[in-house]
**Student:** 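Could you have a look at this structure, given as structure tokens, before my questions?
In what follows, every chain begins at residue 1, and chains take the letters A, B, ... in the order their sequences are listed. Remember, it's a predicted structure, so these values are computed and weren't measured experimentally.
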Amino acid sequence: MHDLATFRAQFDAISTRLSLRANPPNLEGFRELDARRRAAIQEAEELKARRNAATGEIAQLRKAGEDTAARQVEVRAIGERIAELDKQAGTLEDEFRQFLAGVPNVPHESVPAGRGPEDNVEVRRVGEPPAFSFEPKAHWDLGPELGILDLERAAKVTGARFAVYWGLGARLERALINFMLDVHTREHGYTEVLPPFLVNSASLYGTGQLPKFAEDLFKCEGTDFWLAPTAEVPVTNLFRSETLEGSNLPLRLCAYTPCFRSEAGSYGRDVRGIIRQHQFQKVELVKFTRPEQSYEELEKLTADAEDILRRLGLPFRTVVLCTGDMGFSSAKTYDIEVWLPGQNGFKEISSCSNFESFQARRASIRYREPGKGGKPKSDFAHTLNGSGLAVGRTWVAIVENYQAADGTVVVPEALRPYLNAERITPQGVLG
RNA sequence: GGAGAGGUGGCUGAGUGGUCGAAAGCAGCGGUUUGCUAAACCGUCGUAGGCCUUUAAAGUCUACCGAGGGUUCGAAUCCCUCCCUCUCCGCCA
């Protein structure tokens, strides 16, 4: 959600910048809609002022013991007219709100212009893809061979794009979650939270998934509960309609949650293996900051996510998304892409974004601190988040990058205390 | 699931149809006083939107007392629906 005054004042500059997005909003008609809305408000409010005055007079006259029947009839007529005008103004207001809610965030000035993924700019590359003396396998072959990944039974139990993990495969997933949470809480200064996995529509509106992207979500029939597509939703909305103490900022939170996505429209993409699932696990990093510190915090957040990959010894690169590849609510996004031998390429494993005040405005998240002359001032906070990391894809990256010629998987040093194993060997649980 | 109580400004808490945007207290902010601290006293102190204005401030108007409807000339106050919180009972991991 944009600030209306700014949006009006800088309409031309903002629309130019927005036109660089992949699905540029149609801003034509904004000025007219805004003018009509304001005219309607004016007309209705003028009448309301008259009614309030008349009502006061009636009260006075009554006190004086005079007859007010004639005045009442008069005011009643005004009331009816107000009801009509309010209805009109309400319709325009809804239309206007809907219009504004559909306008994506403005890309930060440091974001490169571009049409799509091909125009993203690489900012870092760390580690070397492993050189294998044999033909490396993809996880969808290696996993079932080791008896740690079972897609067929998952399809039976639930359906396509679900997975069952067995033995050390299940434990690897759990180890990764604990490892990531420990690093972020002990080394990077985040506070762990465990939020609800179901969220209501107001929360989804707050972070920008609704109203535009309902088809990407799972909804519980007959309720206002939706399966959270990312911990960003419950965690960012923790402070919806609240004012944070400035002295508590920046507030750094991390949360483990499962994530659920309908993946409507992605048929045929990443159909093999567990790269794209309806249910996956993620450790998410979320920050609330003052406006002037949010870009510095975005760099730190991205580095915190990268640190997990460094510690696991996984090769990756970081790209800054161009204007044509950014998400709806984001002002700037870094994608971290891990090397996957099975794909012979890099695959997104984290997406770190600064939303500036876009989400905070929708969700009404403010902060307060002493301003000039000691007077407390409050303003919208900036919100940021990033995966730290997507656990399922990290699982894939470890299995594929650390595979040995004999079909086993070497466990990265940092993970051994968590997994209590140095090597993933065939599990044989299925006989 | 059953029975009951309740949702008012940052907090506590008055207010049951007519200057109530809302008493009072606390916290906050400005000031006065006092060696410092503390205390006392005075003042100030919600949010959003419209108009005015070069912007802002000031001013002015409108709306907001969980949400949405309704009754009325007039609703925090009466009626209806919904949501949430608390207590007790039942059930349950």
**Student:** Can you tell me how far P in B:A3 sits from the matching atom in B:A93, rounded to whole Å?
**Tutor:** 25 Å

**Student:** With rounding to the closest Å, how many angstrom separate the P atoms on B:A24 and B:C78?
**Tutor:** 23 Å

**Student:** Rounded to the nearest Å, what distance is computed from the CG atom of residue A:Leu4 to the P atom of nucleotide B:G49?
**Tutor:** 7 Å

**Student:** So, applying side chain to side chain contact (heavy atoms under 4.5 Å, CB included) with A:Thr207, which one of A:Thr383, A:Val235, A:Val233 is it?
**Tutor:** A:Val233

**Student:** With a cut-off of less than 4.0 Å, is there a side-chain N or O of A:Arg8 near OP1 or OP2 of B:G50?
**Tutor:** yes

**Student:** Fill in the dot-bracket string of RNA chain B, one character per base: . for unpaired, | for a pair to another strand, ( ) or [ ] for pairs within the strand, taking Watson-Crick or G-U pairs under 3.5 Å.
**Tutor:** ((((((((.[[[..)..(.....]]].(((((.......))))).((((((.......)))))).[[[[[..)....]]]]])))))))....

**Student:** In whole Å, what is the span from the CD atom of A:Glu66 to the C1' atom of B:G18?
**Tutor:**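 Whole-Å distance recorded here is 16 Å.
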
**Student:** Does the Lys NZ or Arg CZ of A:Arg362 fall within the cation-pi geometry relative to A:Tyr205 - under 6.0 Å from the ring centre and within 45° of the axis?
**Tutor:**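 Cation-pi check for A:Arg362 and A:Tyr205: passes.
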
**Student:** Is A:Glu46 paired with A:Arg50 through a side-chain N to carboxylate O contact shorter than 4.0 Å?
**Tutor:**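 No, this pair does not count.
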
**Student:** Could you write out each protein N or O paired with an N or O of nucleotides 57-63 of chain B at a distance under 3.5 Å?
**Tutor:**
{"residue": "B:U62", "atom": "OP1", "partner": "A:Asn52", "partner atom": "ND2", "Å": "3.0"}
{"residue": "B:A63", "atom": "OP2", "partner": "A:Asn52", "partner atom": "ND2", "Å": "3.4"}

**Student:** Please report, rounded to the nearest Å, how far the P atom of B:A48 is from the CZ atom of A:Arg97.
**Tutor:** 13 Å

**Student:** Pick one: which of A:Thr302, A:Thr333, A:Asp335 meets side-chain hydrogen bond (donor to acceptor under 3.5 Å, both in side chains) with A:Ser353?
**Tutor:** A:Thr333

**Student:** Rounded to whole angstroms, how far apart are CZ on A:Arg71 and P on B:G18?
**Tutor:** 19 Å

**Student:** Using whole Å, report how far CG of A:Asn248 lies from P of B:G10.
**Tutor:** 17 Å

**Student:** Can you check whether A:Arg366 has a side-chain N or O nearer than 4.0 Å to OP1 or OP2 of B:A48?
**Tutor:**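 For B:A48, OP1/OP2 do have a side-chain N/O of A:Arg366 under 4.0 Å.
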
**Student:** Using atom P of each nucleotide, how far apart are B:G6 and B:U72 to the nearest Å?
**Tutor:**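 B:G6 and B:U72 have their P atoms separated by 28 Å.
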
**Student:** Carefully, step by step, assess A:Phe218 and A:Phe260 under the rule ring pair (Phe, Tyr, Trp, His ring centres under 6.0 Å).
**Tutor:** CA-CA 7 Å; A:Phe218 287 115; A:Phe260 302 90; 7.2 Å; no

**Student:** Taking the six-membered ring for Trp, are A:His382 and A:Tyr295 ring centroids under 6.0 Å apart?
**Tutor:** no

**Student:** To the nearest Å, how far apart are A:Arg362 CZ and B:A48 P?
**Tutor:**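 In whole Å, B:A48 P lies 18 Å from A:Arg362 CZ.
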
**Student:** Can we say A:Arg17 and A:Glu109 salt-bridge, meaning some charged N sits less than 4.0 Å from an Asp/Glu carboxylate O?
**Tutor:** no

**Student:** Using atom P of each nucleotide, how far apart are B:C26 and B:U16 to the nearest Å?
**Tutor:** 24 Å

**Student:** Got a second to check how far A:Phe162's CZ is from A:Leu151's CG, nearest 0.5 Å?
**Tutor:** 12.0 Å

**Student:** For B:G9 and B:A48, measure between their P atoms and round to the nearest Å.
**Tutor:** 16 Å

**Student:** In whole Å, what separates the C1' atom of B:G46 from that of B:C86?
**Tutor:** 27 Å

**Student:** Using modelled atom types only, decide if a donor and an acceptor are shared between the side chain of A:Gln427 and the backbone of A:Thr425 within a distance under 3.5 Å.
**Tutor:** yes

**Student:** Within less than 4.0 Å of OP1 or OP2 of B:C73, is there a side-chain N or O belonging to A:Arg76?
**Tutor:** yes

**Student:** Can you give the donor-acceptor pairs under 3.5 Å from side chains of residues 303-310 of chain A to other protein atoms, not counting sequence neighbours?
**Tutor:**
{"residue": "A:Asp304", "atom": "OD2", "partner": "A:Tyr190", "partner atom": "OH", "Å": "2.7"}
{"residue": "A:Glu306", "atom": "OE1", "partner": "A:Arg124", "partner atom": "NE", "Å": "3.3"}
{"residue": "A:Glu306", "atom": "OE2", "partner": "A:Arg124", "partner atom": "NE", "Å": "2.9"}
{"residue": "A:Glu306", "atom": "OE2", "partner": "A:Arg124", "partner atom": "NH2", "Å": "3.0"}
{"residue": "A:Glu306", "atom": "OE2", "partner": "A:Thr318", "partner atom": "OG1", "Å": "2.5"}
{"residue": "A:Asp307", "atom": "OD2", "partner": "A:His188", "partner atom": "NE2", "Å": "2.9"}
{"residue": "A:Asp307", "atom": "OD2", "partner": "A:Arg311", "partner atom": "NE", "Å": "2.7"}
{"residue": "A:Asp307", "atom": "OD2", "partner": "A:Arg311", "partner atom": "NH2", "Å": "3.3"}

**Student:** B:G4 and B:C61: how far apart are their C1' atoms, nearest whole angstrom?
**Tutor:**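 Nearest-Å result for B:G4 against B:C61 at atom C1': 44 Å.
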
**Student:** Between B:G13 and B:G90, how many Å separate the two P atoms, rounded to a whole number?
**Tutor:**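 Rounded to whole Å, the distance is 31 Å.
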
**Student:** Answer yes or no: does a side-chain N or O of A:Arg38 lie under 4.0 Å from OP1 or OP2 of B:G49?
**Tutor:**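 Result: no.
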
**Student:** Kindly state whether the ring of A:Phe239 and the ring of A:Phe288 have centres lying under 6.0 angstrom apart.
**Tutor:** yes

**Student:** For A:Glu57 and B:G18, what is the distance between atoms CD and P respectively, to the nearest whole Å?
**Tutor:** 18 Å

**Student:** Take the protein atom CG of A:Asp3 and the nucleotide atom C1' of B:U55, then report the distance between them rounded to whole Å.
**Tutor:** 14 Å

**Student:** Return the 5'-most residue of the pair A:Ala5, A:Ala54 with respect to RNA chain B, ranking by each residue's nearest nucleotide.
**Tutor:** A:Ala5

**Student:** Which comes earlier along RNA chain B counting from the 5' end, the contact point of A:Phe225 or that of A:Glu93, where each point is its nearest nucleotide?
**Tutor:**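 First, find each residue's nearest nucleotide; the 5'-ward one identifies A:Glu93.
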
**Student:** Of the candidate nucleotides B:G49, B:G74, B:C51, which contains the atom at the shortest distance from the side chain of A:Gln42?
**Tutor:** B:C51

